[in-house]
Protein chains: 2
Amino acid sequence: MKGLENKNFIPNLSFDCVIFGFNGKLLKILILEYQNTGVYALPGGFIEIDQSIDDAAKQGVKERTGLDNVYLDQFYIFGNVDRADPGHMKRILTANNDNTEENSWMLERFNTVGYYALINYEEVTPTPDEYSDSIGWYAIDELPKLMMDHNNIVEKALQVLRSNLSEKLIGMNLLPSKFTMKQLQMVFEAVLDQKLRRTTFQRKMLSLDILERHEKLFQGKAHKAPYQYSFK
Amino acid sequence: MKGLENKNFIPNLSFDCVIFGFNGKLLKILILEYQNTGVYALPGGFIEIDQSIDDAAKQGVKERTGLDNVYLDQFYIFGNVDRADPGHMKRILTANNDNTEENSWMLERFNTVGYYALINYEEVTPTPDEYSDSIGWYAIDELPKLMMDHNNIVEKALQVLRSNLSEKLIGMNLLPSKFTMKQLQMVFEAVLDQKLRRTTFQRKMLSLDILERHEKLFQGKAHKAPYQYSFK
DNA sequence: ATCTATTGTCTCATTTTATGACAATAATTC
DNA sequence: GAATTATTGTCATAAAATGAGACAATAGAT
């Protein structure tokens, strides 16, 4: 099966990534569709026996997005017995004409380590994996029904992201290296799913002393041009 | 080996618990010493094939403390390749005259799921596990050198506990069901490792509207008796 | 030159937190 | 039983953070 069966994986353990991107308006995540199945899923994979879980996830994100050096945070391990769903897996395998004998290990119970990544939407080249024929961005409030407990994983990732956003100020990982105050505010609003006050937000961000101010950005619009900022 | 070899465990996966207690002054955790080895470790164990990871951890905490319904939070999975330490494990097994053939799976690489528990110090009956001959409380700033990466696990648990303490107000899990404002403050001070202002703390706690006030506690001291509170 | 929409900054009101003051009080001492 | 001691509960005021709006500056369109 395209290389998978040759590798030596840690049994019963996988990882799944909630890869967040921001298109300027909406918070989105990358979703795979498995070939000929109508099954949607988070990008994920298995961990080789001589590979750290973090490295496996890092590699997975790189393969799906083409990006290195991504903000990547392990946020939970999903270890319920009933999260396994051999039915779905079997459909994916048979749709791929796989020897289900040899790959029966994929039908067993799996615990999965959840990661979330924050990436610059514009830099990404979404790339399907060997089982899937499509990968695409979905706004977080327009997700399809995902396989197994993946919708639950997304929900938990969002919770953690929201509580980390202000505290750890990780929002800028969703933006290009230079951005305007308005863009930064829109990221916060999209993640927190609430409107923020422009003046208060601006004062707060500036007072934190974490931003460097650069030249103005002339957008060709009939109004004052905003400064650009970067993370110090 | 006392039952372990008969069970069907998920391979390469374990859990470890940082069990926090508060003795009225210091924040402490429960540490095991393995028989005849001088090796100290966190309480932990393996996950049966038909058992959720949460349930395995819950059961582990119950066996070491005698307590049910404990505040228990999974906070991280430690998945570095180099965290395995076959040397230590082998010493523990041979010290127990175990058939190292049959238990060689315990020498493989393990990923471990970290949990932290908050318990009422006074209710606990610390009980060693089948490999260890002692279990005891250690103040968090006087921990011995622990096996493998367990000191690192404790450090991470402390970080997470600190950031959750105020946000989720989990401090009362370290106290008896009724406690004084001073006791509550001392828990916060011990966990956060910083002095807090009495009046500010009291006003804040009362304003949160999460405490129920009960009868006063007469301690036989020559001063005004404090009210007792419980979590609403 | 005038107009439009957005930006950066300021002001004042409101809320929250810091810091100290003070009266209430449970037990001890005289 | 009155004075003493240590701690508690609450208030008063100062300082800091945030909310809410006003307004001048300005890049481009008209």
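Below, read A as the first sequence line, B as the second, and so on, with proteins coming before strands; counting in each chain starts at 1. Worth knowing before you read on, the calculation uses all heavy atoms, side chains too, and leaves out hydrogens, waters and symmetry mates.
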**Study point:** Interatomic distance where CD belongs to Gln228(B) and P belongs to dG9(D) [whole Å]
**Key:** 11 Å

Study note, to complete from the structure: For Tyr229(B), the ring pair (Phe, Tyr, Trp, His ring centres under 6.0 Å) test, sequence neighbours excluded, returns none

Check your understanding: What's the verdict on side chain to side chain donor-acceptor pair (under 3.5 Å) for Tyr116(B) and Asp16(B), showing C-alpha distance, side-chain angles and the deciding distance?
Key -> CA-CA 8 Å; Tyr116(B) 74 90; Asp16(B) 286 294; over 6 Å; no

Point to revise | Distance (rounded to the nearest 0.5 Å) between Phe179(A) CZ and Asn120(A) CG | key: 11.0 Å

Review point. With sequence neighbours excluded, what pairs up with Phe188(B) under the ring pair (Phe, Tyr, Trp, His ring centres under 6.0 Å) test?
Key: Phe201(B)

Check your understanding: Is the number of heavy atoms from other residues, nucleotides or ligands within 6.0 Å of NZ (Lys145(B)) greater than 12?
Key -> yes

**Study point:** Nucleotide-resolved protein contact map, nucleotides 19-28 of chain C, B/S/- at heavy-atom distance under 4.0 Å
**Key:** BBB--BBBB-

Study note, to complete from the structure: note: Phe201(A), atom CZ; dG8(C), atom P; distance rounded to Å ~ 12 Å

Review point. What is the distance from CD of Gln202(B) to P of dA18(C), rounded to the nearest Å?
Key: 15 Å

Practice item. May I ask you to evaluate whether Lys204(A) reaches the phosphate of dT18(D), defined as a side-chain N or O under 4.0 Å from OP1 or OP2? Key: yes

Exercise for review: Rounded to the nearest angstrom, tell me the gap between atom OH in Tyr229(A) and atom P in dT7(C).
Suggested key: 11 Å

Exercise for review: Give the C-alpha distance, both sets of side-chain angles, the deciding distance and a yes or no for salt bridge (Lys or Arg N to Asp or Glu O under 4.0 Å) between Asp209(A) and Lys232(A).
Suggested key: CA-CA 8 Å; Asp209(A) 203 38; Lys232(A) 251 184 193 172; 3.1 Å; yes

Review point. Going by heavy atoms closer than 4.0 Å, what residues in residues 177-194 of chain A are next to DNA chain D?
Key: none

Only distances under 3.5 Å count here; give the side-chain donor-acceptor pairs of residues 19-28 of chain B to other protein atoms, sequence neighbours excluded, each with its distance to 0.1 Å.
from     : atom 1 : to       : atom 2 : distance (Å)
Asn23(B) : OD1    : Lys25(B) : N      : 2.8
Asn23(B) : OD1    : Leu26(B) : N      : 2.6

Check your understanding: In whole angstroms, how far is the P atom of dT6(C) from the OH atom of Tyr227(A)?
Key -> 19 Å

Mind listing the side-chain donor-acceptor pairs of residues 69-82 of chain A below 3.5 Å, one per line with the distance, residues two or more places apart or on another chain?
from     : atom 1 : to       : atom 2 : distance (Å)
Gln74(A) : OE1    : Ile77(B) : N      : 3.4

